[in-house]
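Within every chain, numbering begins at 1; the chains are lettered A, B, ... in the order of the sequence lines, protein sequences first and strands thereafter. A quick note: this is a predicted structure, and the numbers were derived from the prediction, not measured.
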Amino acid sequence: MAELPKTYDPAAVEPKWYARWLEAGAFEADASSSKTPFSIVIPPPNITGTLTLGHVLNNTIQDILARRARMQGREVLWLPGMDHAGIGTQTAVEKWLRKNEGVTRHDLGRDEFLRRVLQWQDKHGGIIIEQLKRLGCSCDWSRQRYTFDADYIRAVQNVFVDLYDKGLIYRGRRMINWDPAAQTALSDEEVISKPQQGNLYYVRYEIVEAPGKFLEVATTRPETIMADTAVAVHPTDKRYVDLIGKHAWRPLVREKLPIVADDAIDPEFGTGVLKVTPAHDKADFEIGQRHKLPIVDVLHPDGRINCPAVPELDGLDRFEARKKAAELLKGRGLLLKTEPYENNIGFSDRSEAAIEPRISEQWFLRYPKTKEALAVVRAHLIRFFPAHWEKVYAQWLENIQDWCISRQVWWGHRIPAWYPKSRSVEAGVSSAKQKNAADTAATTEEKSIRVQIESPDEGWTQDPDTLDTWFSSWLWAYETMDEEARKKFYPTSVLVTAPDIIFFWVARMIIAGLEFKPGQSDRVEDNIPFHDVFFTGLIRDKQGRKMSKSLGNSPDPLDLIDKYGADGLRFGLMRIAPSGQDIRFDEKQIEEGRNFATKLWNAARFRQMHGPSAAAPKINNRSLAIFASEVLARLNETIDAIEVAYCEYRFNEVAQRLYDFFWRDYCDWFVEAAKTEIFGEDEPRKKSALAVMDVVLSAVLRLLHPFMPHITEELWLLLGFGEQSIQFALPPEKIALEDVDLAKKRKLVTAVYDTVQAGRNLRAEAKIPSNKKERFVLCTANAEIAKEVPTISRLLNAGQLDIATHIRHTADTPMAMTPLGEIFLIVTAGDKTAERERLEKEMAKLEEELRTVKGKLENKSFVDRAPAAVVEEHRQRQKDFSEQLAKLKAARDGLN
RNA sequence: GGGCGGUUAGCUCAGUGGUAGAGCGGCUGGUUUACACCCAGUAGGUCGGGGGUUCGAAACCCUCACCGCCCACCA
């Protein structure tokens, strides 16, 4: 048996084991196995990504589930991979190119740029995979996939063609979200609205039919006045009814605008008059459609003003132009006033640029299977944990809009659509000038489009756009698997993800599963992508702020691993991660995880110092010390509690239970009590105590293994619990404690422990250093206690412990009540007053408790209606309290 | 405007009907032969406010307040 080193060194142990596990192929899934399958697909991190605490949380949970399933004898597939992350990666590489080569993607051209992305990817991409390995993730790396693998690309394009053929994908000119920084369209989900401090400008529009009279219009965007094509009021607004049907002069680029009536106008807002700018506002666009208004676009794709008719504004950035437009209007006496105003502005999730609503020709998906997707969650064919996310999911599906899937970025899955070379391709960017809004519903002449993967022939050119990254991710649950794996492992067991991608990914994967039916039959239950979804919390900093690069409040998990070990990080994080709630991160908590690992190490060392452990430890019920029975009973309770917690994905509870059991019940109480036997002369009893330790340690190591894989593996083999890796050891079963007296024994143990605590308290109150061996006397009627004197004495660190039936209480002998009787601390320098005060304090506390219990028992309703057991408990308590109080009183009176 | 979460010890959080808990931090004592990343002891809480249900509420119901998130076209 190897000697355990004095201290645990995760830096040496963790990489060693990880390398061995890989070498042994321990994480590889065998699709031909007859074992029950268990499968998880990883939420693929971006190829440009590096490990964050969010990843640590997420992947630790997946690893716990995977490792536990392996121990349970299941065939486990944890399928890893990465996402090509279209806009994200393109932005990252462009930034790198600008910095390192001083070139833009336009300098390089599309083909060359894409070559550079691949180069960059080889050199700098995929760091996160190595980081996940340091965390200990037991993914089947032999199956690692990428959303840009050749066959994955093909699958994505097939899906596009399929949906097009079904009439679900269409091309259309519509109002979309335009990101002027990335210069691409975005889906609604990629736009996040934030309140923004701005101004409300009150602008005068002269009435054409009544020169000298003005309409006042309140707007936040004076720079788009040139794109106004109407002025609108509410049809019942008395102030303006007379003007409906008349006209107003547009103040910039003077032109007649019709004054229309529309229900969408809120008469309460501003002046009750809206300038209608169909090209640059979603609501205005709809009003435009209703009134057949023309559309005037005055913005370049990059957000600069495109309006040569107003040279002062032309070419200016939209925000600059806003100020300038206000000045311009002011100069002409058309700006009445400016008020500070806060409104919600949409921002790009990625580039953080302010979004422009914009009319543009894009590809859209009319979602299929939305009702079915709702139904499978409603019927709990897919279960959400915590369940309240079902509502969020339902709300989205019930109000679902068509998905804008085309992106004007180069890096991504190219849209498999072809146009005759003669026709100029618009690349999604609309240059619509004066188009009639009514026409926009009509899509580009479908005849001229061919949707297929291969080029029809030389006369055709491919659509330059790429697909939204999520249009490839939604196939992740099954496109990552080959035919054989799919047969064995699809639908997957559980998806572990953060709730912020419930729409982006979770919902769409469910839809994809139901639509494309990758399962073994056409039945719904064979085609859902997963059975359970566990939503993790969001990790926040100590102040409750979201972790972000710009705030610099996100600690590098790799630093934490260096400092505390991967196991410490994992355990510390899991212990504070309540299911489904946000987590406030504090490094202290990781430190505790590390401390727990050290505790485990030292407890194992202690065991190992007293001889070799049994490979398959067994205990003999009859020879168990009462303390052993107690710790084993508590172990059984822990095993049960953990089982229940796992069923509901309450990982923090599993961790906390293990922590409490091991540290408090096992180390603090059992091991300390068992030292009597361990250091004693009685060989059979010593053996029994060591066997109990083996049973507990072996069980705890296995229970802890999913959380702390490295240290448990190390200790498992060092202690000799198995020649095989702990990874495939069966989970511990409950110990059969068929002892008829178990309840009685447990009560006695609790009484002993309470007595010890009372005695220690006496020592502390008497200001006696804890290392000083003092004499205690225990007055008790309990006949069985004599056997336990050595242990009680050890736990009290007593010089001597006498059992008596009576002792005269004097000031020299501080006394406390315990369930066993009275415990006295025999000291020489006693103080009568102090002792009386102490006793009276204790009496007061007891009296208070007694009053509560008595009150309840005197309440007839309580006695009649409460469960008999509860009433009985109260009666017992009343009896005990009264007796103890009487003894305290006698002791206090004895002092006189 | 709708929806969802939260409010328990100085801090971070457990606790879904029966004597209010843990860890950290504080204070006191300790080089007790596994562990100072430790051990022992201890202080600290009208469980956000109000109302209700119940013999009994931190927990269940109603209501208010505050904090956070999500959804929604008020310029």
Mapping A/Q757 and A/A603 onto RNA chain B by nearest heavy atom, which one lands closer to the 5' end? A/A603
Per the side-chain hydrogen bond (donor to acceptor under 3.5 Å, both in side chains) rule, what does the pair list look like for residues 670-680 of chain A, sequence neighbours excluded? A/E672-A/K675, A/T676-A/T791, A/E677-A/R685
Separation of A/D262 atom CG from B/C74 atom C1', in whole Å? 13 Å
Considering only the P atoms, how many Å lie between B/G1 and B/G15, rounded to the nearest integer? 33 Å
Drop me the distance from A/L795's CG to A/T755's OG1, to the nearest 0.5 angstrom. 10.5 Å
If you measure from the C1' atom in B/C4 to the same atom in B/A72, how many Å do you get, rounded? 15 Å
Encode nucleotides 19-32 of chain B as B, S and - characters from 5' to 3', where the letter depends on protein heavy atoms closer than 4.0 Å: B to the base, S only to sugar-phosphate, - to neither. B--SSS----BSSB
Rounded distance in Å - CD (A/E653) to C1' (B/A14): 9 Å
Could you go through A/K275 and A/T224, starting from their C-alpha distance and side-chain angles, then the distance that decides it, and tell me whether this counts as side chain to side chain contact (heavy atoms under 4.5 Å, CB included)? CA-CA 10 Å; A/K275 75 181 196 64; A/T224 63; 2.8 Å; yes
d(CD, A/E648; C1', B/G15) in whole Å: 14 Å
Neighbour count >12 (heavy atoms, 6.0 Å) for atom CD, A/E398: yes
Separation of atom CD in A/E286 from atom C1' in B/A75, rounded to whole Å: 14 Å
Quick one: side chain to side chain donor-acceptor pair (under 3.5 Å) partners of A/Y393, sequence neighbours excluded? none
Whether A/Y341 contacts B/A75 is assessed here as follows: a side-chain N or O lying under 4.0 Å from the phosphate OP1 or OP2. Is that the case? yes
Determine whether a donor-acceptor pair (N or O, by modelled atom type, separation under 3.5 Å) exists between the side chain of A/D284 and the backbone of A/T277. yes
Closest to side chain of A/W663, choosing from B/C39, B/C35, B/G41: B/C39
With a 3.5 Å cut-off and just heavy-atom distances, do the side chain of A/K391 and the base of B/C4 make a donor-acceptor pair? no
Look at the side chain of A/M609 and decide which nucleotide, out of B/A75, B/A34, B/G18, has an atom nearest to it. B/A34
Distance check needed: B/C69 P versus A/E189 CD, whole Å only. 19 Å
Nucleotide of B/C73, B/A75, B/C70 approaching A/F503 most closely (side-chain heavy atoms): B/C70
Taking only the side-chain heavy atoms of A/D266 (C-beta and beyond), determine which of B/A75, B/A34, B/G41 contains the nearest atom. B/A75
Just the rounded figure in Å: distance from P of B/A34 to CZ of A/F606. 5 Å
With sequence neighbours left out, what residues match A/N177 under side-chain contact (heavy atoms from CB on, under 4.5 Å)? A/L186, A/D188, A/V191, A/I355
Take N1-N3 plus N6-O4 or O6-N4 for Watson-Crick, N1-O2 plus O6-N3 for G-U, both under 3.5 Å. Which runs of 3 or more such pairs involve RNA chain B? B:1-7 with B:65-71, B:10-13 with B:21-24, B:26-30 with B:38-42, B:48-52 with B:60-64
When rounded to whole Å, the NZ to P distance for the pair A/K275 and B/C73 reads 19 Å
Looking at residues at least two apart in the chain, or sitting in another chain, which of them share a ring-ring contact (aromatic ring centres under 6.0 Å, His included) with A/Y8? A/W601
A/I711 backbone acceptor or donor facing A/D567 side chain under 3.5 Å: yes
State which of B/C70, B/A34, B/A40 makes the closest approach to the side chain of A/E672. B/A34
Taking the nucleotide of RNA chain B with the nearest heavy atom to each, does A/K845 or A/N859 sit closer to the 5' end? A/K845
